Amino acid sequence: MSAQNRTLSEFHLVGFQNLQEFKLIFFSTILIFYFMTITGNLTIILLILTIERLKAPMYYFLSHLSLCDILLTTNIVPKLLNIVLTSKDIISITGCLTQFYFFGVSTVTECFLLTVMSFDRYLAICNPLRYHSIMSFKLRLHLVLWTWMLSFLFSLNITLLLNQLDFCSNNEIDHFFCDFEPILELSCSDTYIVKMEDFVLCVPISLFPFVFIVGTYTHIVLAIMKIPSAIGRHKAFSTCSSHLAVVFMYYGTIIVIYIVPSRGSLKHISKLLSLLYTVMTPLLNPIIYSLRNKEIRDALGRFNKSKLSNFSM
């Protein structure tokens, strides 16, 4: 179809309807969660940058995971808050595709980072003698650069395909942000190529990383079970328990989102699951790492003490 058939220039994000008397409570809750997310993830990044004991490869990857969570929540939540206040929110097609692009970048980056972190934990537990020689700063830098570069490229590919679609009549997106399926539903073009491209890209973006993580943790569990002492097994497992919890939360939410249909009466459930993924997951990631990681807890305690001492002076 030619570009002249694209008569629409903007979309309306419907968001959550029928909030009524709960609107202020919902708005306040999301706003508090947003500030907690930004504060928590910035704190993780600041600790890793300033505390010498947090210079290990695992924390280097964790700082990028926190950066990714900041990008995800900042891309979605401010627009969501505006929708809650105004009931509807106008967004240009360009703005919608831009939001979708950065949503794709953050989700793909998180998927790849969790894969890289599982490889890091595999080396630390299954090959500890060669861990530092293999996981050198050069390798860490390359892994992170490739993670971000591939995320930008994969997301750009899908976004450019969406940009070729025509939108002719209905302009209401029954969601609180510009996600893939809601955008496709409004198109009057043939979306077969876009859907096939998305399906093909799911293999390197989601399936391969998931299989890799399962494989690495299978080897990790087998290696831990061979440790003779209970204290040694507990210490080894504690080094990867935080990452494992985040992996379960990330893939569990993603799998449920794609299993639950986004049409009909189940659309509200799909939106709630998306809210869980885009708002709660970035909030819980730094909390999980803070609660389950002794080095981060100790670093946070020392950081707070130093601030108090400087304040008292």
Side-chain angles (χ1 to χ4, degrees), residues 36-37 39-69 109-137 139-140 143-144 147 209-254 280-306:
M36 289 175 63
T37 299
T39 302
N41 283 288
L42 283 178
T43 300
I44 293 290
I45 295 174
L46 181 62
L47 288 174
I48 292 171
L49 289 175
T50 57
I51 304 298
E52 189 63 32
R53 289 183 61 185
L54 300 182
K55 300 298 183 182
M58 176 177 65
Y59 301 112
Y60 178 75
F61 299 131
L62 177 58
S63 66
H64 283 271
L65 184 65
S66 292
L67 181 62
C68 178
D69 285 336
T109 301
E110 182 154 357
C111 189
F112 287 162
L113 280 174
L114 291 175
T115 307
V116 169
M117 293 170 78
S118 72
F119 175 62
D120 173 75
R121 292 299 83 205
Y122 166 78
L123 287 178
I125 294 174
C126 299
N127 201 350
L129 296 180
R130 298 186 59 200
Y131 171 64
H132 290 287
S133 61
I134 296 176
M135 192 56 71
S136 62
F137 177 76
L139 179 60
R140 279 180 271 163
L143 288 172
V144 165
T147 291
F210 180 74
V211 172
F212 184 85
I213 291 172
V214 171
T216 53
Y217 269 100
T218 300
H219 284 85
I220 288 172
V221 170
L222 292 175
I224 291 176
M225 294 302 293
K226 293 178 181 178
I227 299 175
S229 67
I231 297 177
R233 288 194 298 269
H234 179 268
K235 185 177 179 180
F237 183 74
S238 65
T239 63
C240 58
S241 59
S242 300
H243 174 258
L244 193 58
V246 171
V247 167
F248 273 120
M249 184 171 60
Y250 176 83
Y251 276 102
T253 308
I254 290 294
M280 293 304 298
T281 300
L283 170 65
L284 292 176
N285 281 353
I287 295 176
I288 290 173
Y289 275 99
S290 298
L291 292 177
R292 301 189 64 88
N293 189 290
K294 186 177 183 300
E295 290 185 334
I296 290 184
R297 291 200 309 269
D298 293 343
L300 186 59
R302 289 194 299 271
F303 183 77
N304 289 332
K305 286 181 181 178
S306 64

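The shown structure was predicted, so the numbers you read here are calculated from the model rather than taken from an experiment.
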Pairing residues for Thr109 by the side chain to side chain donor-acceptor pair (under 3.5 Å) criterion, not counting sequence neighbours =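 Here the qualifying residues are Ser151.
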
Are the side chains of [X] and [Y] in touch, meaning some heavy atoms are under 4.5 Å apart?
X	Y	result
Ser66	Phe61	no
Phe112	Leu143	no
Ile296	Leu62	yes
Val144	Tyr60	yes
Ile134	Asn127	yes

Distance-only donor-acceptor hits, side chain of residues 115-123, under 3.5 Å, sequence neighbours excluded:
{"residue": "Thr115", "atom": "OG1", "partner": "Cys111", "partner atom": "O", "Å": "2.9"}
{"residue": "Ser118", "atom": "OG", "partner": "Thr115", "partner atom": "O", "Å": "2.6"}
{"residue": "Asp120", "atom": "OD1", "partner": "Tyr131", "partner atom": "OH", "Å": "2.6"}

Return the set of residues passing side chain to side chain contact (heavy atoms under 4.5 Å, CB included) with Ala56 (not counting sequence neighbours), or none when no residue passes.
->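 Checked Ala56 against side chain to side chain contact (heavy atoms under 4.5 Å, CB included); matches are Tyr59.
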
Residues which pass side chain to side chain contact (heavy atoms under 4.5 Å, CB included) with Phe248, listed by chain and number, not counting sequence neighbours =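 By the side chain to side chain contact (heavy atoms under 4.5 Å, CB included) rule, Phe248 matches Leu244.
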
Roughly how far apart are [X] [atom1] and [Y] [atom2], rounded to 0.5 Å?
X	Y	atom1	atom2	value
Ile45	Leu54	CD1	CG	13.0 Å
His234	Ile224	NE2	CD1	11.0 Å
Asp69	Leu42	CG	CG	11.0 Å

Within 6.0 angstrom of Leu222 CG, more than 12 heavy atoms from elsewhere |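 Yes.
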
Under the 3.5 angstrom rule, does the side chain of [X] hit a backbone N or O of [Y] as a donor-acceptor pair?
X	Y	answer
Ser238	Lys235	yes
Arg233	Pro228	yes
Asn41	Pro282	yes
Ser136	Ser133	no

What are the two closest heavy atoms between Ala236 and Ile125, and how far apart are they?
-> O-CD1, 3.6 Å

Could you please spell out the steps behind the side chain to side chain contact (heavy atoms under 4.5 Å, CB included) verdict for Thr37 and Met280?
-> CA-CA 8 Å; Thr37 299; Met280 293 304 298; over 6 Å; no

With a cut-off of 3.5 Å and sequence neighbours excluded, list every side-chain donor-acceptor pair involving residues 212-220.
{"residue": "Thr216", "atom": "OG1", "partner": "Phe212", "partner atom": "O", "Å": "3.1"}
{"residue": "Thr216", "atom": "OG1", "partner": "Ile213", "partner atom": "O", "Å": "2.8"}
{"residue": "Tyr217", "atom": "OH", "partner": "Cys240", "partner atom": "O", "Å": "3.4"}
{"residue": "Tyr217", "atom": "OH", "partner": "His243", "partner atom": "ND1", "Å": "2.6"}
{"residue": "Thr218", "atom": "OG1", "partner": "Val214", "partner atom": "O", "Å": "2.7"}
{"residue": "His219", "atom": "ND1", "partner": "Gly215", "partner atom": "O", "Å": "2.9"}

Can you list the steps and then say if Phe137 with Lys55 is a side chain to side chain contact (heavy atoms under 4.5 Å, CB included)?
-> CA-CA 10 Å; Phe137 177 76; Lys55 300 298 183 182; over 6 Å; no

Check the pair Thr147, His64 against side chain to side chain contact (heavy atoms under 4.5 Å, CB included), reporting the backbone distance first and the verdict last.
-> CA-CA 10 Å; Thr147 291; His64 283 271; over 6 Å; no

